[in-house]
Each structure stands twice: as structure tokens, then as C-alpha cells.
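Each residue takes its place number in the sequence, starting with 1. We use all heavy atoms of the structure for the numbers below, so side chains are in, but hydrogens, waters and symmetry mates are not. Numbering of ligands and ligand atoms starts at 1, following listing order.
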Amino acid sequence: MLKEVTVTRYITPLREGGSLPGLVEADDLGTYVMKFTGAGQGRKTLVAEVVCGELARRLGLRVPGLVTIHLDPVLGLGEPDQEVQELLKASGGRNLGMDFLSRAIGFDPLAFEVGSQEAGRIVWFDALVGNVDRSWRNPNLLMWHGDLWLIDHGATMIWHHNWPGAEASAARPYDASDHALAPFAPDVAGAAAELAPLVTEELLTEVTAAIPDEWLTGEAGFDTPDALRRAYARPLLARAAVIHERIRGIETLQGGK
Ligand SMILES: Nc1ncnc2c1ncn2[C@@H]1O[C@H](COP(=O)(O)OP(=O)(O)O)[C@@H](O)[C@H]1O
Ligand SMILES: [Mg+2]
């Protein structure tokens with residue numbers, strides 16, 4: 001279960017990407033980056049953030065802590081910005097929050113060095129979840145206190161948009177040619193040897209248990225939230241065993257697969 005907090009103050013929108021996350025303060029006095037159920041991409045984006053964030057953390061990758069944030073849509077009434085007001089009004093109830101890494105800076109592949117072991121772990125993880133949002137144009141990697149942190153896992157697991165085709169879709173290779181860490185000789189074979197054995201059914205059950213029930217209800221073909229949780233776990237379990245052999249477009253220490 002993720003910690004639950006309630007928004008007390010909307011501070012400012014973060015206009016970098018497309019989804020207009022907000023910086024907010026909550027009743028535990030924490031500052032969070034908030035992602036809204038009422039955003040255009042919908043609640044599946046939030047489910048993807050939870051699955052990938054909780055999985056990455058258990059694999060030892062750095063990701064900000066996740067919480068769910070309750071929002072009273074009345075908070076939107078005081079917002080001068082029309083777009084923000086609409087978003088808040090459409091997002092009453094439970095939303096996603098992540099710890100705000102204050103004064104983090106965006107990762108720049110030309111300005112920072114990354115070791116091939118760390119690059120390999122991140123490329124392997126992105127291949128596992130099919131992340132299309134880690135390109136050098138838009139790395140969604142932050143430097144914070146000298147370390148690399150992973151954010152923005154909304155555009156992953158494309159198979160969850162079409163469950164009947166999920167198995168076939170999840171068997172596809174991963175194209176890493178645009179990956180922000182492609183230039184750092186990612187050791188994906190080493191990463192696979194270390195991380196793939198950790199991705200067990202048990203671990204994935206724990207990870208998917210963190211998805212709030214209300215983001216899983218009403219999905220065609222699934223009677224219960226747990227049935228849908230299992231559907232999230234299955235392709236990841238299958239991919240973990242094979243995906244390092246299906247990473248395309250980078251020179252790896254494996255010898256250019
Ligand atoms: N946890 C965080 N700590 C600090 N800054 C963040 C955090 N999450 C996001 N940001 C900043 O907000 C921007 C937008 O967030 P992101 O999750 O990438 O959403 P999107 O790209 O969909 O707008 C990021 O590029 C980053 O600059
Ligand atoms: Mg982003």
C-alpha cells in the first residue's frame with residue numbers, strides 16, 4: 001500500500017512535458033510532484049507510474065518515493081490558470097504523488113558520465129517495461145546529490161492499452177537507439193544476469209498490490225482488480241527472462257546485439 005496524503009496547497013504547474021504535473025504541498029507537510037487522474041492520458045498513466053516505480057525501487061534503481069494524494073476539487077476554484085483549474089476540477093479523489101527532489105537538475109548526456117554497469121541496469125529496466133520516454137531529447141532522468149534518479153514512467157507497458165494483444169505485444173524487441181544512456185556502453189548482459197532473477201511472480205504480486213483498486217475497476221474483460229493486477233504481472237515476468245536478447249540499436253558489452 002502506498003502512503004496516503006491530502007493536498008493542502010497547489011504551488012505551481014511543471015510545464016516541461018505534456019501532462020502538466022503540479023507541485024503541491026500535502027497535510028504531512030511534504031512537497032510532492034502530483035500527477036492527475038483527470039489529465040488527458042488518464043489513469044493508466046498513473047498505474048504505469050506505480051508499477052514501474054515500485055518495480056524499479058525493488059531492483060535497486062533510484063526512483064522518488066510514491067504516495068497517493070487525495071484532492072478536493074474545490075481547490076481548483078481558486079486557480080487563476082484556466083488549464084490548471086480544469087485539471088484540478090476533473091481530478092477529485094485519489095491521484096499520484098512522488099517525492100519532489102528539490103534542486104535536482106535534468107540529466108544531460110553531454111555533461112555527465114555514467115558507468116556501463118549503471119547504464120546497463122537502466123537500459124535493461126526500460127526494455128523490460130517498454131519505456132519509450134528515455135530518449136536523449138527527453139531523458140526523464142534527474143541528477144540529484146550527484147546521483148542519477150529515474151522519473152516519468154507513464155509511457156510504458158504499451159500492451160496495457162490492448163489486453164487481448166498483450167502477450168504478442170510484450171514479446172516485441174526494445175529499440176534503444178534513441179536511449180539517453182546508449183552512448184555509455186550499457187552492460188545489459190550484466191544487468192540481466194543480476195536483475196532478471198529478482199523479477200519473480202512473488203515480487204510482481206507485491207509491486208502490483210501497490211496499485212489502488214479504484215484505478216483498476218471497470219476494465220473490460222477483468223472482473224476484479226486482482227485479475228487486472230495479474231495481467232500487469234504476466235508480461236513483465238515473461239519479458240524478464242528474455243528481453244536482454246531483444247534490445248536493438250545499441251553497442252553493448254555483449255558485442256553489439
Ligand atoms: N520527483 C521530481 N522531483 C523533481 N522534479 C521533478 C520530479 N518529477 C518531475 N519533475 C520535473 O517535472 C518535469 C515533468 O515531470 P514528468 O514526470 O517528466 O512529466 P511529463 O513529462 O509528463 O510532464 C520533469 O521533466 C522534471 O523537470
Ligand atoms: Mg517527462
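At distances below 3.5 Å, not a single donor-acceptor pair connects side-chain atoms of Arg172 with backbone N or O atoms of Ala168. Side-chain N or O atoms of Ser169 include none that pairs as donor or acceptor with a backbone N or O of Gly165 at under 3.5 Å. Not one N or O on the side chain of Arg239 forms a donor-acceptor pair closer than 3.5 Å with the backbone of Val129.
Distance from atom 21 (O) of ligand 1 to its nearest protein heavy atom, with residue and atom name: Asp152 OD2, 2.9 Å. Counting only heavy atoms of the protein, atom 11 (C) of ligand 1 lies nearest to Leu14 CD1, 4.2 Å. Distance from atom 23 (O) of ligand 1 to its nearest protein heavy atom, with residue and atom name: Gly17 CA, 3.1 Å. Here the heavy atom of the protein found nearest to atom 15 (O) of ligand 1 is Pro21 CG, 3.7 Å. Nearest to atom 9 (C) of ligand 1 among the protein's heavy atoms is Ile151 CD1, 3.6 Å. Nearest protein heavy-atom contact of atom 2 (C) of ligand 1 is Val33 CG2, 3.6 Å. Remark: minimum distance from atom 1 (N) of ligand 1 to any protein heavy atom is reached at Asp99 O, 2.9 Å. Of all protein heavy atoms, the one lying nearest to atom 13 (C) of ligand 1 is Glu16 CB, 3.7 Å.
At a cut-off of 2.8 Å, Asn138 does not coordinate the Mg ion (ligand 2) through any N, O or S atom.
If you number the atoms of ligand 1 from 1 as listed, the ones under 4.0 Å from a heavy atom of Ser19 come out as 19 (O), 20 (P), 22 (O), 23 (O).
For Glu25, the CD atom counts as densely surrounded, since its 6.0 Å shell holds more than 12 non-hydrogen atoms of other residues, nucleotides or ligands. Heavy-atom contacts from other residues, nucleotides or ligands closer than 6.0 Å to CD1 of Ile158 number 12 or fewer.
Salt bridge status for Arg121 with Glu118: absent, with no side-chain N to carboxylate O gap under 4.0 Å. Residues Arg94 and Glu4 are paired through a salt bridge, judged by an N-O separation under 4.0 Å between the basic side chain and the carboxylate.
Considering backbone and side-chain atoms alike, Asn140 places an N or O below 3.5 Å from some N or O of ligand 1.
Aromatic rings of Trp163 and Tyr232 (six-membered ring for Trp) have centroids within the 6.0 Å cut-off, being under it.
Proximity of Thr68 to Asn95: side-chain heavy atoms (C-beta onward) are nowhere separated by under 4.5 Å.
The name of the N, O or S atom in Asp152 nearest to the Mg ion (ligand 2) is OD2.
Within the 4.0 Å heavy-atom cutoff, Lys35 counts among the residues contacting ligand 1.
With a 4.0 Å cut-off on non-hydrogen atoms, Pro64 touches ligand 1 through its side chain and not its backbone. If you look at Leu101 next to ligand 1, the close heavy atoms, those under 4.0 Å, come from the backbone and the side chain alike.
The nearest non-hydrogen atom to atom 6 (C) of ligand 1, considering only Asp133, Leu142, Asn138, comes from Leu142.
Closest approach of Leu75 and Tyr10 over heavy atoms only: CD2-N, 4.3 Å.
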